[in-house]
Amino acid sequence: MQNTPTYGGEGAAPISAPHSGARNINARDGHISPSEIAIGVIIGRASEYFDFFVYAIASVLVFPAVFFPWADRLEGTLYAFTIFAFAFIARPIGTVLFMKIQERFSREVKLTIALFLMGTATVVISFLPTYAQIGTTSIVLLSLMRIAQGVAQGGSWDGLPSLLALNAPEHKRGWYAMLGQLSAPLGFLIAAGLFAYLLDNLSTDDFLVWGWRYPFYVAFAINVVALFARLRLVSTSEYARLLDSHELDPAPVGELLRTQGSNIVIGAMAALASYALFHLVTVFPLSWMQLYDTRPISGFLYVQMWGAVVAAVCILVSGLIADKVGRRTTLGTLAALIAIFSAFVPMLIDGGEAGQNAFILIGFGLLGLSYGQAAGAVTSNFASRFRYTGAALTSDLAWLVGAAFAPLVALGLSANFGLGYVSLYLLSGAVGSLAALSLNRKLEIKD
């Protein structure tokens, strides 16, 4: 394998207490419907997922050449995936840190600081000098910015997914639970489309020198818009009343871990199959195509974009299914189907263009059906005073265990031992989900 060449060359009162400030900007009376809460969830998550996928795709297409030019392409990609995982390690730290900020100031202050940190880290990445310019310092800076993104992701938890789950109509809870999950395929569609356009219209040199930076500029702009949109939603007096009525405020982390630790672990493991599959159909296959296949990467991104459309449709379908048969049954059935799908991973990825396309479309379909019900499923497991912090840390742990190292492990195992080990990795996630679901009989959201 050849070494990759080096590239580079309005107004409001000051916020001083949890019940003042931005909350008064849009103070109004009246009923807040679940659909309005869903809009807040979708807006907040869409910007996060776009940031997420911009960085993920750049980790495959850009960072090995720009920050690790001294390594061969496989080794450089593995290094990039290692830094990619840093955000998931930092995320629970960010959750705990920003819970303290919310306790001291307010939810609005916490959200503003978190999204400002996310936007700053993202835009700094877009301006980073390359390894050719400043050597290993560029890698250190990239790592620090990735950690900052993870801390910000933990801090951006606003409680709206839990609020949505608790306020959804009794027989439509599966439907409302999946609405926020639509942000994932939406974020991927925009990020993948942007990179595909740049690859199609720029030379390799132009793309690696300056073109890859453009999606990070866009991510920063989207963060700014999302910040004001989310503040406008969470700062209303009616939202504040709903959040307070469900005790969706920070709880002591030590006490939470002592009294609710099993709920956090079981909740994270219940969605493990979905989170493991998440990166095995988005980031990992892109890296495999880049390293071991000759088809144009932009063309493969377009196939993945079709897969994201399939995932979005399946997320919608998951809401209907969950309302018919229950969320626990839905998650368990999909974990079993993902286990079956794992056996066909080597055959499909090694099956030429048709097999690879089938892997993407089927994988995204299963991802949509499972991921659609993967969030908010454990809110009712927590005592009311622990719901807010418990749901946040459960999500953090699910991402850390299920998704953080998936691209690194899958690529490392497949490159050194064969694609069969990717099957085993995905199968282990499905088995973990089934085991957790068998232990927990309380996953259905209750009043």
Side-chain angles (χ1 to χ4, degrees), residues 1-9 50-84 86 119-146 149 187-222 282-305 353 356 407-408 411 415:
M1 190 173 298
Q2 295 179 345
N3 284 349
T4 304
T6 299
Y7 292 91
F50 179 74
D51 280 8
F52 175 91
F53 284 118
V54 164
Y55 189 97
I57 295 172
S59 293
V60 176
L61 303 183
V62 178
F63 295 162
V66 171
F67 294 103
F68 306 101
W70 39 268
D72 65 45
R73 192 72 197 209
L74 171 61
E75 187 180 1
T77 305
L78 293 174
Y79 286 140
F81 282 166
T82 300
I83 296 176
F84 175 76
F86 289 174
T120 300
T122 300
V123 80
V124 167
I125 291 173
S126 70
F127 286 108
L128 280 181
T130 66
Y131 183 89
Q133 294 170 318
I134 60 173
T136 55
T137 303
S138 65
I139 301 174
V140 173
L141 291 174
L142 178 66
S143 301
L144 291 174
M145 292 306 102
R146 185 58 178 162
Q149 285 186 322
F188 183 83
L189 269 171
I190 301 172
L194 193 51
F195 273 100
Y197 175 83
L198 292 170
L199 288 170
D200 280 340
N201 291 276
L202 296 176
S203 68
T204 300
D205 284 347
D206 284 343
F207 176 73
L208 290 175
V209 171
W210 61 267
W212 69 270
R213 301 175 187 272
Y214 179 72
F216 287 89
Y217 303 149
V218 176
F220 173 74
I222 290 177
T282 54
V283 185
F284 164 69
L286 189 62
S287 66
W288 183 268
M289 292 300 110
Q290 176 85 334
L291 287 165
Y292 301 116
D293 205 275
T294 58
R295 66 189 297 184
I297 292 299
S298 61
F300 188 72
L301 280 170
Y302 289 127
V303 174
Q304 288 189 300
M305 290 170 67
E353 189 168 319
Q356 294 158 2
L408 176 66
L411 182 60

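T282 and Q304 share no donor-acceptor pair across their side chains, judged by distance under 3.5 Å alone.
Here the shortest heavy-atom pairing between P64 and S59 reads CD-O, 3.2 Å. Minimum interatomic distance between V60 and R73 (heavy atoms only, all atoms of both residues): O-NH2, 2.9 Å. The two residues S138 and P129 come nearest to each other via the heavy atoms CB-O, 3.3 Å. When all heavy atoms are compared, the tightest approach of D51 to A219 is OD1-CB, 3.0 Å. Counting all heavy atoms, side chain and backbone alike, A196 lies closest to S298 at O-CB, 4.0 Å. When all heavy atoms of F53 and A191 are compared, the pair lying nearest together is CB-CB, 3.7 Å.
Residues L128 and F67 have side chains in contact (heavy-atom distance under 4.5 Å, counting atoms from C-beta outward). In this structure, R295 and V303 have side chains that are in contact, with non-hydrogen atoms separated by less than 4.5 Å. At a threshold of 4.5 Å between non-hydrogen side-chain atoms, the residues T136 and Y131 count as touching. Within the 4.5 Å cutoff, the side chain of F84 has heavy atoms near those of the P407 side chain. Side chains of L194 and I57 form no contact here, defined as non-hydrogen atoms less than 4.5 Å apart. Between V54 and V218, every side-chain heavy-atom pair lies at or beyond the 4.5 Å cut-off.
Between R146 atom CZ and L141 atom CG the span is 15.5 Å, to the nearest 0.5 Å. One finds the CE atom of M289 at 8.0 Å from the CZ atom of F284 (value rounded to the nearest 0.5 Å). To the nearest 0.5 Å, the span separating OG1 on T130 from CD1 on I139 amounts to 10.5 Å. One finds the CH2 atom of W288 at 10.0 Å from the CD atom of Q356 (value rounded to the nearest 0.5 Å). With rounding to the nearest 0.5 Å, the separation of CG in L286 from CD in Q290 is 7.0 Å.
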ask   = Given the rule in the side-chain contact (heavy atoms from CB on, under 4.5 Å) test, do L144 and F86 qualify, once you have shown the distances and angles that lead to the verdict?
value = CA-CA 9 Å; L144 291 174; F86 289 174; over 6 Å; no
message = For a ring-ring contact (aromatic ring centres under 6.0 Å, His included) check, start with the C-alpha distance between W70 and Y79, then their side-chain angles and the critical distance, and finish with the verdict.
response = CA-CA 12 Å; W70 39 268; Y79 286 140; 5.4 Å; yes
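Of the candidates L208, I297, L198, T77, L61 forms a side chain to side chain contact (heavy atoms under 4.5 Å, CB included) with just one, namely I297.
Taking the six-membered ring for Trp, F195 and Y214 have ring centres at least 6.0 Å apart. If you look at Y55 and F63, their ring centroids are closer than 6.0 Å.
Ring geometry for Y217 versus F127: interplanar angle of 30 to 60°, hence tilted.
Counting heavy-atom neighbours within 6.0 Å of Y302 OH, excluding the residue itself, gives a total above 12.
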